[in-house]
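Here the structure comes first, spelled out in structure tokens, and everything after it is commentary.
Numbers for residues simply follow the sequence, beginning at 1. Side chains are part of it too, since the values below use all heavy atoms of this structure and drop only hydrogens, waters and symmetry mates. Predicted, not measured: the structure shown is a model, and the values here were computed from it. For ligands, and for the atoms within them, numbers begin at 1 and follow the listed sequence.
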Amino acid sequence: MTSATTETNRAEATTQGPLTPEQLQKMNAYWRAANYLSVGQIYLKDNPLLERPLTLDDVKPRLLGHWGTTPGLNFLYVHWNRLIRERHLDMIYIIGPGHGGPGLVANTYLEGSYSEIYPHIEQNRDGIKRLFRQFSWPYGIPSHVAPETPGSIHEGGELGYSLVHAYGAAFDNPNLIVACVVGDGEAETGPLATSWHSNKFLNPATDGAVLPILHLNGYKIANPTVLARIPHAELEELMRGYGYEPYTLEGDDPLTMHQKAAEIFDRMLDRIAEIQKAAREGGSTERPSWPMLIMRTPKGWTGPKEVDRKPVENTWRAHQVPFSELREKPDHLRLLEEWMHSYKPEELFDEKGAFRAEIAEIAPKGRLRMGMNAHANGGLLWQPLRVPSFRDFAVKVESPGETIAESTRVLGKMLHAVMEANKETKNFRVFGPDETASNRIGDVITGTGKTWMAETLPVDVDLSPTGRVMEILSEHMCQGWLEGYLLTGRHGFFSCYEAFIHIVDSMVNQHAKWLKVTRQIPWRKPIASLNYLLSSLVWRQDHNGFSHQDPGFIDHLVNKKADVVRIYLPPDANCLLSVADHCLRSRHYINLIVAGKQPAPQWLTMDEAVAHCTTGLGIWKWASNDNGKPDVVMACCGDVPTMEALAAVMLLREQAPDIKVRVVNIVDLMTLQPQSEHPHGLSDEEYDAIFPPKVPTIFAFHGYPWGIHRLTYRRHNHDNLHVRGYKEEGTTTTPFDMCVLNNIDRFQLALDAITRAKRTARKVDDARQWYSEEIQRHRLYVAENGEDLPEIQQWQWQPDKTQ
Ligand SMILES: Cc1ncc(C[n+]2csc(CCOP(=O)(O)OP(=O)(O)O)c2C)c(N)n1
Ligand SMILES: [Mg+2]
């Protein structure tokens with residue numbers, strides 16, 4: 001594309017369109033200012049207003065930043081400002097290509113929010129100098145639309161999640177408009193490609209609006225984008241196929257483009273208002289075709305057209321810093337100076353370096369400024385979740401192991417009550433990739449239903465435009481919607497099959513980073529925690545087999561900062577209730593709860609469960625016979641491992657009656673870490689009191705065994721810690737055979753105890769013999785009968801009568 005527009009056309013352009021000549025001139029000046037400040041942030045550390053000839057001393061030694069996407073983002077910001085003012089919109093702006101950070105910093109500076117939040121970045125020459133210098137500078141600010149950037153809820157460093165975040169923000173925010181720029185490269189990612197379908201879940205009567213802009217600047221880092229190289233009609237068809245009404249804005253002449261954009265945005269906003277009115281006043285329940293914009297503008301728009309005789313504007317070469325080597329190539333310094341002068345800074349900033357009032361006045365004021373919108377600092381809007389007493393859902397446990405219950409089903413009842421309690425405030429949603437019922441928390445659906453704006457058939461149940469349980473077969477969407485929902489001040493809960501939560505590993509990384517950084521930013525207020533329930537667990541995916549067996553998300557989360565993650569493995573339903581209550585009330589964490597859905601023995605009364613979960617781990621005296629002096633500690637973490645450990649304790653009574661066993665159950669995994677590493681970590685004294693020095697511990701763990709070693713490697717007696725867990729053996733087989741395949745079964749645990757405890761040293765050979773006979777018997781039976789041995793299936797905990 002070339003800027004071939006003649007002066008005559010320009011003059012016409014000023015009169016053609018909704019903008020008055022004065023508005024047009026001011027909006028264009030505002031845009032020039034934002035572009036100027038963006039370039040300045042990338043290149044300069046001094047001489048911010050180019051009041052003297054540029055020298056190499058004014059230029060940063062390391063040029064770090066992205067120009068290509070920035071002018072497009074800035075262009076849109078100016079237009080949102082007009083619309084916010086004229087229509088009194090409550091609007092936030094999500095930037096998919098978050099590498100356009102300089103643009104958002106520039107705009108929040110120009111509208112004044114930046115200086116209010118960061119008073120040292122003043123509205124004068126010094127302030128601009130600091131603004132430039134801090135960008136991508138050690139201990140300055142990041143290059144992306146990071147948590148430090150006012151108005152941001154989306155860093156955009158990892159591409160793909162802008163649109164899903166935008167929808168998450170819009171749910172239950174009927175007055176909010178979320179403008180969302182999707183990079184045309186970003187649009188190639190899997191999550192983004194699916195995000196378009198979010199419109200089947202957005203209710204125009206009760207939710208806000210999302211205004212997607214596909215930023216078709218043609219290029220990524222080093223390649224053209226797919227969507228820029230298909231015929232325009234095909235692209236429009238694609239968008240129609242996704243259920244949108246596409247509008248197109250194309251061109252490169254600034255003045256013409258402002259008029260065109262203003263005209264198109266007016267139409268799009270009118271259309272949004274019409275859709276909302278039809279749903280809110282006219283009672284329409286149709287799924288509307290929401291407007292979206294295809295913005296086809298040059299990458300690096302208004303930047304250098306050519307550098308070293310190679311085209312830059314409107315090519316991938318404009319992606320980052322359009323040219324560097326300023327020290328080596330003197331003409332590059334001149335090129336930079338010319339480029340920056342082309343924005344005419346002297347017309348934009350006064351003699352003190354303040355943005356000229358007559359241009360600045362076109363921005364919205366106060367809280368309407370996008371940098372100050374409270375939705376983008378969700379903690380400001382956060383209200384505590386109403387959590388009814390979890391004790392009301394307690395499972396009655398007369399004696400350990402007597403009652404059988406499905407833990408997650410019990411939790412489902414509690415979640416239903418939470419849903420009911422927050423019906424009025426509409427600030428709680430439950431998310432799941434088609435697994436809410438399968439994970440047996442389906443009671444939460446009762447009454448509220450599942451969100452659905454697409455077609456329904458008579459066979460459908462519980463689908464509703466006002467449903468509050470959100471199900472779509474995309475872990476990415478569940479995660480992204482929930483993040484957007486939380487970041488704008490609400491609460492939520494995500495239940496997922498354990499094995500497939502890995503699909504969002506990368507997204508949770510980004511969210512964890514956001515939480516870590518915002519914790520250190522005083523003006524960012526804490527948001528509700530991101531709560532996961534993982535069910536359909538590795539040990540009981542016997543019907544689905546190997547593909548569904550992976551407990552590794554625990555390891556993934558353990559990598560995160562200690563002040564961000566909490567990991568709980570409640571051994572039974574009452575513990576699950578207590579843990580869930582705690583997680584739902586907490587703020588600014590990622591809480592992982594791992595709990596089974598299959599019928600399983602229940603161990604603790606509600607009071608015992610509360611006490612156990614409060615300390616996070618504890619000695620189960622009712623299962624121990626050590627009287628303070630154990631020969632071996634049988635530790636267990638997770639529901640199936642707990643059952644196997646207890647069954648091993650019973651076997652030990654027969655095989656090694658004189659062995660003194662202590663049973664320790666761990667709910668809160670982080671208690672194992674040293675106190676110096678995690679706030680939940682036990683002190684060494686407390687740890688040693690539970691896991692006494694010199695005494696071997698046989699640890700049955702739900703996940704990969706090395707996870708426990710990693711957490712405890714600095715603990716005393718670590719050499720004497722022997723962990724059994726999942727070691728990547730799996731298939732479609734019986735539940736107990738899954739344990740046998742991974743050597744976490746009761747026979748193995750009992751043998752481990754006999755082998756490791758000093759008192760039973762003489763019995764090791766016999767025990768080995770016994771073990772191989774039992775396993776042989778199990779294998780033959782399972783192969784022959786297709787189910788577990790009767791005594792395994794009917795196993796029940798028996799107290800030690802000799803105690
Ligand atoms: C998931 C992911 N993969 C790769 C990258 C590396 N990356 C950064 S920018 C970029 C190109 C983005 O192109 P586009 O979305 O078109 O943005 P724009 O042209 O507006 O800069 C890539 C591949 C990334 N940030 N995230
Ligand atoms: Mg692009």
Side-chain angles (χ1 to χ4, degrees), residues 1 34-35 38-39 41-42 64-77 93-104 106-107 136 142-146 152 154-166 179-196 212-230 232 235 249-250 252 292-303 311-322 474-477 479-480 483 502-511 513-514:
M1 233 176 283
N35 288 339
S38 303
V39 183
Q41 288 176 76
I42 296 172
L64 307 166
H66 300 78
W67 163 247
T69 195
T70 302
L73 304 180
N74 289 343
F75 181 87
L76 290 168
Y77 207 108
Y93 189 19
I94 290 185
I95 312 299
H99 43 277
L104 274 289
N107 271 293
S136 285
S143 61
H144 283 62
V145 190
S152 170
H154 175 89
E155 208 256 10
E158 184 166 293
L159 299 166
Y161 317 132
S162 57
L163 197 53
V164 69
H165 281 166
C180 175
V181 171
V182 174
D184 50 356
E186 182 190 21
E188 294 171 13
T189 65
L192 202 293
T194 306
S195 297
W196 299 107
I213 295 94
L214 177 63
H215 192 190
L216 205 73
N217 60 18
Y219 297 92
K220 308 179 283 237
I221 297 179
N223 286 288
T225 61
V226 172
L227 295 184
R229 299 295 176 89
I230 59 174
H232 194 79
L235 177 57
L249 171 65
E250 178 173 4
D252 65 355
M292 64 81 57
L293 181 73
I294 300 169
M295 181 163 119
R296 202 184 276 270
T297 53
K299 189 154 184 165
W301 194 10
T302 72
V312 172
E313 190 194 29
N314 203 24
T315 77
W316 72 93
R317 292 194 190 92
H319 179 73
Q320 279 191 12
V321 181
S474 164
E475 287 73 8
H476 288 122
M477 293 304 97
Q479 173 84 18
E483 287 176 358
H502 273 303
I503 289 169
V504 300
D505 276 5
S506 212
M507 291 181 83
V508 72
N509 285 346
Q510 298 303 321
H511 191 69
K513 287 175 198 297
W514 184 277

**Item:** Atom indices of ligand 1 within 4.0 angstrom of His319 heavy atoms, with elements
**Value:** 9 (S), 11 (C), 21 (O)
**Message:** Can you name the atoms of ligand 1, numbered from 1 with element, that are less than 4.0 Å from a heavy atom of Gly185?
**Reply:** 13 (O), 14 (P), 15 (O), 16 (O)
**Item:** Closest to atom 12 (C) of ligand 1 among Thr69, Leu227, Leu159 (heavy-atom distance)
**Value:** Leu159
**Request:** Give the single entry among Thr70, Asp184, Val182 that approaches atom 16 (O) of ligand 1 most closely by any heavy atom.
**Result:** Asp184
**Request:** For Thr69 and His215, run side-chain contact (heavy atoms from CB on, under 4.5 Å): C-alpha distance rounded to whole Å, both residues' side-chain angles, the deciding distance at 0.1 Å, then the answer.
**Result:** CA-CA 8 Å; Thr69 195; His215 192 190; 3.5 Å; yes
**Verdict with supporting geometry, Leu235 and Leu216, side-chain contact (heavy atoms from CB on, under 4.5 Å)** = CA-CA 11 Å; Leu235 177 57; Leu216 205 73; 3.8 Å; yes
**Asked** If you round to the nearest 0.5 Å, how far is CD of Glu188 from CG of Leu227?
**Response** 6.5 Å
How close does the nearest protein non-hydrogen atom get to [atom], and which residue and atom is it?
atom	answer
atom 19 (O) of ligand 1	Lys299 NZ, 2.6 Å
atom 13 (O) of ligand 1	Lys220 CA, 3.5 Å
atom 15 (O) of ligand 1	Glu186 N, 2.8 Å
atom 25 (N) of ligand 1	Gly157 O, 2.7 Å

**Asked** Under 2.8 Å from the Mg ion (ligand 2), which protein N/O/S atoms are there?
**Response** Asp184 OD1, Asn217 OD1, Tyr219 O
**Message:** For His99, which part has a heavy atom under 4.0 Å from ligand 1: side chain, backbone, both, or neither?
**Reply:** side chain
**Full working for side-chain contact (heavy atoms from CB on, under 4.5 Å) between Met292 and Trp196** = CA-CA 10 Å; Met292 64 81 57; Trp196 299 107; 4.0 Å; yes
Do [X] and [Y] make a side-chain contact, defined as non-hydrogen atoms from C-beta onward lying under 4.5 Å apart?
X	Y	result
Ile294	His232	yes
Ser143	His99	no
Tyr77	Leu104	yes
Ser162	Leu192	yes
Ser38	Asn74	yes
Trp301	Asp252	yes

**Contact summary for Cys180 and Ala166, nearest pair of heavy atoms** = CB-CB, 3.8 Å
**Item:** Heavy atom of protein inside 4.0 Å of atom 2 (C) of ligand 1, strictly below
**Value:** yes
**Request:** Just say parallel, tilted or perpendicular for the rings of His144 and His66, cut-offs at 30° and 60°.
**Result:** perpendicular
**Item:** Close N or O approach (Ile221, ligand 1; < 3.5 Å)
**Value:** no
**Prompt:** Just distances here: any N/O of Asn217 and N/O of ligand 1 closer than 3.5 Å?
**Reply:** yes
